Engineer: 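Submitted below is the structure of interest, expressed as structure tokens.
Within every chain, numbering begins at 1; the chains are lettered A, B, ... in the order of the sequence lines, protein sequences first and strands thereafter. As the structure is a prediction and not an experimental result, all values here were calculated from the model.
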Amino acid sequence: MNCNVVKGTRDFLPKQMSKRNYIFNTIKEVYKLHGFLQIETPALENLSTLMGKYGEEGDKLLYKVLNSGNFLDKINFEDEQTTDYKKLTTKISEKGLRYDLTVPFARFVVNNRNDITFPFKRYQIQPVWRADRPQKGRYREFYQCDADIIGSDSLLNEVELCEIIDEVFESLNLKVIIKLNNRKILAAIAELIGQEDKIIDITVAIDKLDKIGYEKVCEELIEKGLSKENIIKIKPILKLQGDNKSKINTLKQLLSNSEIGQKGITELEEVFNNIERLNLNTEVEFDITLARGLNYYTGAIVEVKCKEVSMGSITGGGRYDNLTGIFGMPNVSGVGVSFGADRIYDCLEELNRFPKEISNTTALMFVNFGKEEEKQCMQWARQLRQKQISTEVYPDCVKLQKQMKYANDKQIQYVALVGERELQENKIMLKNMITGEQTLLTIDEMENLLMFK
RNA sequence: GUAUGCGUAGCUCAGUUUGGUUAGAGUAGUGGAUUGUGGUUCCAUUGGUCGUGGGUUCGAGUCCCAUCGCGUACCCCA
């Protein structure tokens with residue numbers, strides 16, 4: 001009998017849930033503070049909604065759900081297409097698990113456009129699924145925490161998202177760096193050497209600059225069909241150095257002949273100027289090598305790396321000018337970010353940086369001494385719960401040792417002992433499990449004491 | 001898809017190099033020291049077809065082959 005969880009998925013114990021909720025709540029608070037409203041969308045979407053939005057690689061990583069009933073009904077086995085798995089897939093599967101929250105959100109906007117006031121600021125915290133090979137910081141089921149603004153071209157939105165990133169990681173006490181780039185600049189680089197159609201290959205190669213170095217990137221570019229002249233032309237771009245301002249100024253000259261390049265640089269400059277005035281705690285860097293694979297980005301792209309832990313990006317996002325256009329609602333631009341809660345969890349765990357006081361366990365437990373005592377305890381417990389004090393009565397009259405151990409393991413701070421003696425006096429022996437102190441109190445005295453905890 | 005490492009008690013692991021009697025430890029569980037007191041201590045005790053199948057051998061946890069499962073890195077990404 002195989003009782004394992006599915007590869008790349010996990011069970012979460014109560015202690016882990018407290019930590020996870022701490023992350024979710026922190027992010028939620030910041031989102032709310034900025035006026036974002038929460039929505040949810042279904043786990044399942046039509047495959048036609050999902051396919052082709054994440055590049056060729058993404059299509060492979062989509063979980064496809066087999067049609068219910070006899071899914072072989074519509075298949076003609078004489079047809080040679082039955083041996084082509086891609087074509088066969090479209091016949092036996094019409095639905096899939098969502099791969100991210102952005103594409104379902106675009107679908108949502110188009111679907112609900114009559115009920116939405118634009119610009120629409122929404123947040124969404126839900127799991128997504130990817131059929132990737134699991135490894136450190138990579139799961140097949142993981143939570144994304146998205147905030148998007150749709151229906152506004154303003155670059156103030158990009159600035160606000162950086163502010164949100166800054167506030168979230170400040171609250172979580174994680175040192176991060178925000179990396180910014182712009183797809184228009186990447187497009188201009190491809191345009192510069194007359195290889196517009198190779199923009200994806202070029203950006204993927206450039207993305208590896210800090211990992212494999214300049215020489216290897218050039219090798220890869222040549223492999224992808226670029227000429228030596230092309231390489232010489234983009235060399236100054238790959239070698240771009242200095243602070244953000246000087247990088248931008250250099251690039252301005254290098255791409256002076258490109259209209260789209262100038263537009264990208266202007267956008268980037270405006271975002272940086274605004275960010276500078278806000279005096280964020282987080283370092284923000286212009287990174288020409290930042291590419292991001294998702295096909296739908298058209299303007300700003302952003303990625304956040306933790307400076308203290310070796311881990312892939314823990315937050316990412318960007319602007320998409322025409323994602324809703326695919327679903328029949330053109331000219332609506334959106335921009336958003338997505339916090340990877342599971343990776344943030346792994347970072348905080350590795351750094352041992354979860355606050356100690358985040359587990360919300362029972363405040364008080366009544367020990368069970370027998371039938372007569374438990375009747376009284378049940379009434380007192382009810383009284384305390386009405387005052388919002390989380391209380392439980394141990395359900396069985398078993399050895400005191402076992403009951404105390406239960407309270408101890410559950411980190412319950414107060415234990416109420418009501419035995420024969422206390423029952424006669426109508427009082428409660430309250431034990432503080434941390435200090436070991438015991439005091440004989442009336443129920444009202446105890447209630448007062450616990451309410452100010 | 002490519003490369004690589006690991007599967008021994010509920011959990012963490014030793015034992016595998018160099019095959020040799022009945023496979024160990026810590027921890028958790030249970031009972032007790034302690035019939036009104038947990039977290040510390042002490043004692044006892046439950047728990048394993050050594051992932052699965054085959055092979056080599058007088059003999060396999062250990063060597064070989066296959067297979068399943070898990071992890072890590074690349075790719076890509078949160």
Side-chain angles (χ1 to χ4, degrees), chain A residues 1-10 13 23 27 54-62 98-102 125-146 165 176 200 203-205 207-208 211-212 216 220 290-295 297 301-306 310-318 336-347 365 367-370 373 394 397-423 429-438 440:
Chain A
M1 181 77 179
N2 174 7
C3 64
N4 292 333
V5 291
V6 169
K7 192 206 235 329
T9 68
R10 295 143 305 149
L13 291 162
I23 296 171
I27 294 170
Y54 311 106
E56 211 176 308
E57 199 64 23
D59 284 352
K60 282 189 208 157
L61 300 179
L62 274 168
R98 62 169 168 253
Y99 179 92
D100 72 353
L101 300 179
T102 310
I125 298 176
Q126 288 191 274
V128 302
W129 294 268
R130 295 182 188 178
D132 227 332
R133 287 271 177 89
Q135 55 187 266
K136 189 185 179 193
R138 187 206 272 171
Y139 305 99
R140 287 184 164 177
E141 177 184 62
F142 61 96
Y143 271 73
Q144 291 198 324
C145 312
D146 277 38
I165 292 168
V176 299
I200 301 221
T203 52
V204 165
D207 184 41
K208 294 176 190 161
K211 276 187 206 157
I212 60 176
K216 295 252 167 158
E220 186 167 330
L290 173 60
R292 296 189 58 74
L294 298 178
N295 275 4
Y297 291 127
I301 41 183
V302 57
E303 196 166 286
V304 179
K305 295 258 315 178
C306 179
S310 162
M311 173 84 66
S313 62
I314 54 178
T315 294
V337 288
S338 177
F339 290 85
D342 303 81
R343 283 186 176 174
I344 293 171
Y345 182 104
D346 290 345
C347 288
M365 184 192 89
V367 168
N368 192 322
F369 277 97
E373 291 87 345
Y394 196 88
C397 175
V398 293
K399 274 177 53 176
L400 192 51
Q401 195 173 356
K402 189 168 166 64
Q403 299 193 43
M404 294 301 282
K405 186 167 163 40
Y406 171 86
N408 195 60
D409 287 348
K410 209 168 166 180
Q411 294 176 359
I412 298 173
Q413 199 188 340
Y414 288 99
V415 167
L417 297 132
V418 182
E420 209 178 333
R421 295 202 296 267
E422 288 83 2
L423 205 57
M429 184 62 84
L430 183 71
K431 181 181 174 100
N432 183 331
M433 293 291 278
I434 296 168
T435 61
E437 282 175 320
Q438 296 194 173
L440 195 62

Engineer: Quick one: is C70(B) close enough that its OP1 or OP2 comes under 4.0 Å of any side-chain N or O from Lys7(A)?
Structural biologist: yes
Engineer: Grab the CD1-P distance between Ile434(A) and G39(B) for me, whole Å please.
Structural biologist: 16 Å
Engineer: Looking only at the side chain of Gln438(A) (C-beta and beyond, no hydrogens), which of the listed nucleotides U37(B), G71(B), A78(B) gets closest?
Structural biologist: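 In terms of side-chain proximity for Gln438(A), the closest of U37(B), G71(B), A78(B) is U37(B).
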Engineer: Nearest whole Å is fine: how far is G71(B) P from Asp132(A) CG?
Structural biologist: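 My rounded result for the distance is 13 Å.
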Engineer: Considering only the C1' atoms, how many Å lie between U22(B) and U18(B), rounded to the nearest integer?
Structural biologist: 23 Å
Engineer: Quick one: is G32(B) close enough that its OP1 or OP2 comes under 4.0 Å of any side-chain N or O from Lys399(A)?
Structural biologist: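 Checking G32(B) against Lys399(A), a side-chain N or O does come within under 4.0 Å of OP1 or OP2.
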Engineer: So which one's nearest nucleotide on RNA chain B is more toward 5', Gly312(A) or Val6(A)?
Structural biologist: Val6(A)
Engineer: Taking for each residue the nucleotide of RNA chain B bearing the nearest heavy atom, is the 5' side occupied by Phe142(A) or by Arg421(A)?
Structural biologist: Arg421(A)
Engineer: For U34(B) and U40(B), measure between their C1' atoms and round to the nearest Å.
Structural biologist: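 That atom pair is separated by 14 Å.
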Engineer: Please give the distance between the C1' atoms of C58(B) and C50(B) as a whole number of Å.
Structural biologist: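 After rounding to an integer number of Å, I get 22 Å for this pair.
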Engineer: Are any of the side-chain heavy atoms of Arg140(A) and Val6(A) separated by less than 4.5 Å?
Structural biologist: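 No - every pair of side-chain heavy atoms lies 4.5 Å or more apart.
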Engineer: Hey, where does RNA chain B pair up into stems, meaning at least three consecutive Watson-Crick or G-U pairs with distances under 3.5 Å?
Structural biologist: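 So far as stems of 3 or more pairs are concerned, RNA chain B shows B:1-7 with B:68-74, B:10-13 with B:24-27, B:29-33 with B:41-45, B:51-55 with B:63-67.
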Engineer: Any donor-acceptor pair under 3.5 Å linking the side chain of Gln403(A) with the backbone of Val398(A)?
Structural biologist: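 Yes, the answer is positive, given that a donor and an acceptor are paired below the 3.5 Å cut-off.
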Engineer: Are any side-chain N or O atoms of Asn368(A) and backbone N or O atoms of Tyr394(A), one a donor and one an acceptor, separated by less than 3.5 Å?
Structural biologist: yes
Engineer: Whole Å only: how far is the CG atom of Leu290(A) from the P atom of C77(B)?
Structural biologist: 10 Å
Engineer: Select one nucleotide: of U37(B), A78(B), C76(B), the one nearest the side-chain heavy atoms of Met429(A).
Structural biologist: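 Closest of the options to the side chain of Met429(A): U37(B).
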Engineer: Tell me which residues in residues 401-411 of chain A lie within less than 4.0 Å of RNA chain B, going by non-hydrogen atoms.
Structural biologist: Gln401(A), Lys402(A), Met404(A), Lys405(A), Asn408(A)
Engineer: Need one value for Glu141(A): base, sugar-phosphate or nothing, where a base atom within 4.0 Å counts as base even if backbone is also close, heavy atoms only.
Structural biologist: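 No contact.
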Engineer: Between C1' on C74(B) and CD on Glu220(A), what's the gap in Å once rounded to a whole number?
Structural biologist: 12 Å
Engineer: Arg140(A) CZ to C70(B) C1': how many Å, rounded?
Structural biologist: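 Those two atoms, CZ and C1', are 12 Å apart.
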Engineer: Using the P atoms only, state how far G19(B) lies from G32(B), rounded to an integer number of Å.
Structural biologist: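 Looking at atom P only, G32(B) and G19(B) are 48 Å apart.
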Engineer: Determine the interatomic distance between P on U52(B) and the same-named atom on A44(B); round to the nearest Å.
Structural biologist: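 Pairwise P distance, U52(B) against A44(B), rounds to 32 Å.
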Engineer: Sub-3.5 Å donor-acceptor pair from the side chain of Arg98(A) to the main-chain atoms of Pro127(A), do we have one?
Structural biologist: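 Side chain of Arg98(A) to backbone of Pro127(A), a donor-acceptor pair under 3.5 Å: yes, one is there.
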Engineer: Leu400(A) near the nucleic acid: base, sugar-phosphate alone, or nothing, with a heavy-atom cut-off under 4.0 Å?
Structural biologist: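 Since a base atom lies under 4.0 Å of Leu400(A), the category is base.
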Engineer: Atom CD1 of Ile344(A) and atom OH of Tyr143(A): how far apart are they, to the nearest 0.5 Å?
Structural biologist: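 Those atoms lie 14.5 Å apart.
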Engineer: Please state how far atom NZ in Lys136(A) lies from atom C1' in U72(B), giving the value in whole angstrom units.
Structural biologist: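 Between C1' of U72(B) and NZ of Lys136(A): 10 Å.
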Engineer: Regarding U37(B), can its base be found pairing with the side chain of Lys431(A) as donor and acceptor, where the two atoms are less than 3.5 Å apart?
Structural biologist: yes
Engineer: Taking atom NZ as the centre, does Lys402(A) end up with more than 12 heavy-atom neighbours from other residues, nucleotides or ligands that are less than 6.0 angstrom away?
Structural biologist: no
Engineer: What integer number of Å spans the P atoms of G54(B) and U12(B)?
Structural biologist: 28 Å
Engineer: Return the NZ to CZ distance between Lys305(A) and Arg343(A), rounded to the nearest 0.5 Å.
Structural biologist: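 Going from NZ on Lys305(A) over to CZ on Arg343(A), the span is 9.0 Å.
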Engineer: Give, for atom CD1 of Ile314(A) and atom CG of Asp342(A), the distance between the pair rounded to the nearest 0.5 Å.
Structural biologist: 12.0 Å
Engineer: Would you give the length of the straight line joining atom CD of Glu303(A) to atom CG of Leu290(A), rounded to the nearest 0.5 angstrom?
Structural biologist: 5.0 Å
Engineer: Is Glu420(A) atom CD crowded by more than 12 heavy atoms from other residues, nucleotides or ligands, each under 6.0 Å away?
Structural biologist: no
Engineer: If I pick the P atom on G61(B) and the same atom on U8(B), what distance separates them, to the nearest angstrom?
Structural biologist: 15 Å
Engineer: For a quick check of understanding: with a heavy-atom distance under 4.0 Å over all strands, which category does Gln135(A) fall into, base, sugar-phosphate or nothing?
Structural biologist: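 Since a base atom lies under 4.0 Å of Gln135(A), the category is base.
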Engineer: Can you confirm whether Arg130(A) sits close enough to Asp100(A) that some side-chain heavy atom of one is under 4.5 Å from a side-chain heavy atom of the other?
Structural biologist: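 Contact flag for Arg130(A)/Asp100(A) side chains = yes.
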Engineer: With rounding to the closest Å, how many angstrom separate the C1' atoms on A28(B) and U17(B)?
Structural biologist: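 It works out to 32 Å between them.
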Engineer: Counting only heavy atoms from other residues, nucleotides and ligands, does the tally under 6.0 Å from NZ of Lys410(A) exceed 12?
Structural biologist: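 For Lys410(A), atom NZ is crowded (more than 12 foreign heavy atoms under 6.0 Å).
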Engineer: Given C76(B), A78(B), G36(B), identify the nucleotide with an atom nearest to the side chain of Val204(A).
Structural biologist: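 So the side chain of Val204(A) is nearest to C76(B).
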Engineer: Quick one: the side chain of Arg133(A) and the base of U72(B), do they pair up donor-acceptor inside 3.5 Å?
Structural biologist: no
Engineer: Whole-Å distance between G38(B) P and Asn368(A) CG?
Structural biologist: 17 Å
Engineer: Rounding to a whole Å, what distance do you find between Asp100(A):CG and C76(B):P?
Structural biologist: 18 Å
Engineer: Pick base, sugar-phosphate or nothing for Gly58(A), based on heavy-atom distances below 4.0 Å to the nucleic acid.
Structural biologist: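 It contacts nothing in the nucleic acid.
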